[in-house]
Amino acid sequence: MSSRSFAEYRAMFAIDDRDLDGVVLDCGGGASGFVAGARAMGARALAADPLYALGAAALADRLPADLDRGDAMIDANTDRFVWEWYGSAERRQEMRVNARSEFMADIRRHPASYLAAGLPRLPMADGSVDMVLCSHLLFTWAGRLDREWHRSAIEEMSRVSRGEVRIFPLVRLGDSEPVGFLDALQADLRAEGLVCTVRGVPYEFQRGADHMLTVGEPRR
Ligand SMILES: C[S@@+](CC[C@H](N)C(=O)[O-])C[C@H]1O[C@@H](n2cnc3c(N)ncnc32)[C@H](O)[C@@H]1O
């Protein structure tokens with residue numbers, strides 16, 4: 001379970017102020033600071049992740065080891081990462097630590113904003129949010145989650161969103177290679193009438209991972 005900050009989310013998903021006018025769901029939210037950061041700006045957001053079923057105390061216990069595992073993976077594959085966006089490893093670490101604190105404070109204060117739920121089934125009504133963001137879950141784990149699973153997961157996020165679903169990154173964890181079934185998956189979704197677009201974003205950490213997939217149309 002990793003812990004990206006609100007600032008990283010803004011960049012990964014090219015979020016502007018209008019995107020924060022409605023309710024935003026962070027799906028596979030982990031220990032991200034997105035909901036806390038949105039709340040601090042007066043925006044409305046919630047997150048879903050199966051791990052929220054553990055409760056805040058157990059999450060706090062497991063977070064340091066999870067974050068250390070992520071850092072070890074980066075240390076073992078340094079050539080697959082670029083640091084321009086962060087500026088330095090120290091700055092990235094600082095963002096992680098702050099995001100984790102903001103997440104822990106927010107989930108304790110506002111537990112109802114954190115749904116214990118996992119794709120491909122979300123216990124939410126059709127069209128109940130204005131945008132869904134999905135960071136480092138789909139495509140990241142394409143080694144173990146196949147094209148059919150991705151299709152079901154995207155259909156489900158599209159069901160609960162009145163507007164767009166945005167997914168980042170479009171490469172696999174570990175080798176940072178593009179996902180082989182991305183084109184075929186987009187064809188599957190287009191055949192169901194869903195509009196799919198690959199868009200550049202102002203963020204790159206895994207080398208070459210500077211695009212997101214959007215599904216559906218913005219609600220503006
Ligand atoms: C690499 S973490 C990313 C966390 C956060 N989005 C971020 O970018 O910092 C992936 C998250 O997806 C969650 N996850 C795993 N399976 C899931 C599922 N089926 N549905 C929703 N979330 C899931 C994990 O528990 C984990 O917190």
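Given the structure is predicted, the values throughout are model-derived calculations rather than measurements. All residue numbers refer to positions in the sequence shown, counting from 1. Indexing begins at 1, ligand by ligand and atom by atom, following the structure's order.
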Would you mind checking which non-hydrogen protein atom is closest to atom 9 (O) of ligand 1, with the distance to 0.1 Å? Arg4 N, 3.0 Å
Can you pull out the closest protein heavy atom to atom 15 (C) of ligand 1? Residue, atom name and distance to 0.1 Å, please. Trp141 CZ3, 3.7 Å
Report, one line per pair, each donor and acceptor closer than 3.5 Å where one atom sits in a side chain of residues 188-195; sequence neighbours left out.
residue : atom : partner : partner atom : Å
Asp188  : OD1  : Arg147  : NH2          : 3.1
Asp188  : OD2  : Arg147  : NE           : 3.0
Asp188  : OD2  : Arg147  : NH2          : 3.3
Arg190  : NH2  : Gln186  : OE1          : 3.1
Arg190  : NH2  : Cys196  : O            : 2.9
Glu192  : OE2  : Arg151  : NE           : 3.0
Glu192  : OE2  : Arg151  : NH2          : 3.1

List ligand 1 atoms under 4.0 Å from Tyr9, heavy atoms only on the residue side. 5 (C), 6 (N), 7 (C), 8 (O)
Nearest non-hydrogen contact to atom 23 (C) of ligand 1 from the set Ala48, Ser135, Gly118, Pro50 belongs to Pro50
heavy-atom search around atom 10 (C) of ligand 1 in the protein gives His136 O, 3.4 Å
N/O donor-acceptor pair under 3.5 Å between His150 side chain and Ala142 backbone: no
For Arg162 and Gly127, indicate whether the former's side chain and the latter's backbone hold a donor-acceptor pair under 3.5 Å. yes
Where's the contact between Phe168 and ligand 1, heavy-atom distance under 4.0 Å: side chain, backbone, both or neither? neither
What are the atoms of ligand 1, with element, lying closer than 4.0 Å to any heavy atom of Ser3? 9 (O)
Atom 19 (N) of ligand 1: the protein heavy-atom neighbour that sits closest, reported with distance to 0.1 Å: Leu119 O, 2.9 Å
Indicate yes or no: does Asp175 engage Arg172 in a salt bridge with an N to O separation below 4.0 Å. yes
Are Asp26 and Ser32 close enough that a side-chain donor and a side-chain acceptor fall under 3.5 Å? yes
May I ask you to decide whether Arg166 forms a salt bridge with Asp19, counting only side-chain N to carboxylate O separations under 4.0 Å? yes
Apply side-chain hydrogen bond (donor to acceptor under 3.5 Å, both in side chains) to the pair Glu155 and Ser158, showing each step before the final yes or no. CA-CA 5 Å; Glu155 286 168 355; Ser158 298; over 6 Å; no
Please set out all donor-acceptor pairs under 3.5 angstrom arising from side-chain atoms of residues 107-123, sequence neighbours excluded.
residue : atom : partner : partner atom : Å
Ser113  : OG   : Arg39   : NH2          : 3.0
Tyr114  : OH   : Asp106  : OD2          : 2.7

The option among Cys27, Ser32, Gly28 carrying the non-hydrogen atom nearest to atom 4 (C) of ligand 1 is Gly28
Checking Phe81, Trp85, Phe168 against Phe205 for ring pair (Phe, Tyr, Trp, His ring centres under 6.0 Å), the one that qualifies is Phe81
Considering only protein heavy atoms, which is closest to atom 24 (C) of ligand 1, and at what distance to one decimal place? Asp49 OD2, 3.5 Å
If we number the atoms of ligand 1 from 1 as shown, the ones under 4.0 Å from a heavy atom of Ser2 are 1 (C), 2 (S), 3 (C), 4 (C), 7 (C), 9 (O)
What residue and heavy atom of the protein are closest to atom 16 (N) of ligand 1, and at what distance? Leu137 CD1, 3.9 Å
Numbering the atoms of ligand 1 from 1, which are under 4.0 Å from a heavy atom of Leu51? 25 (O)
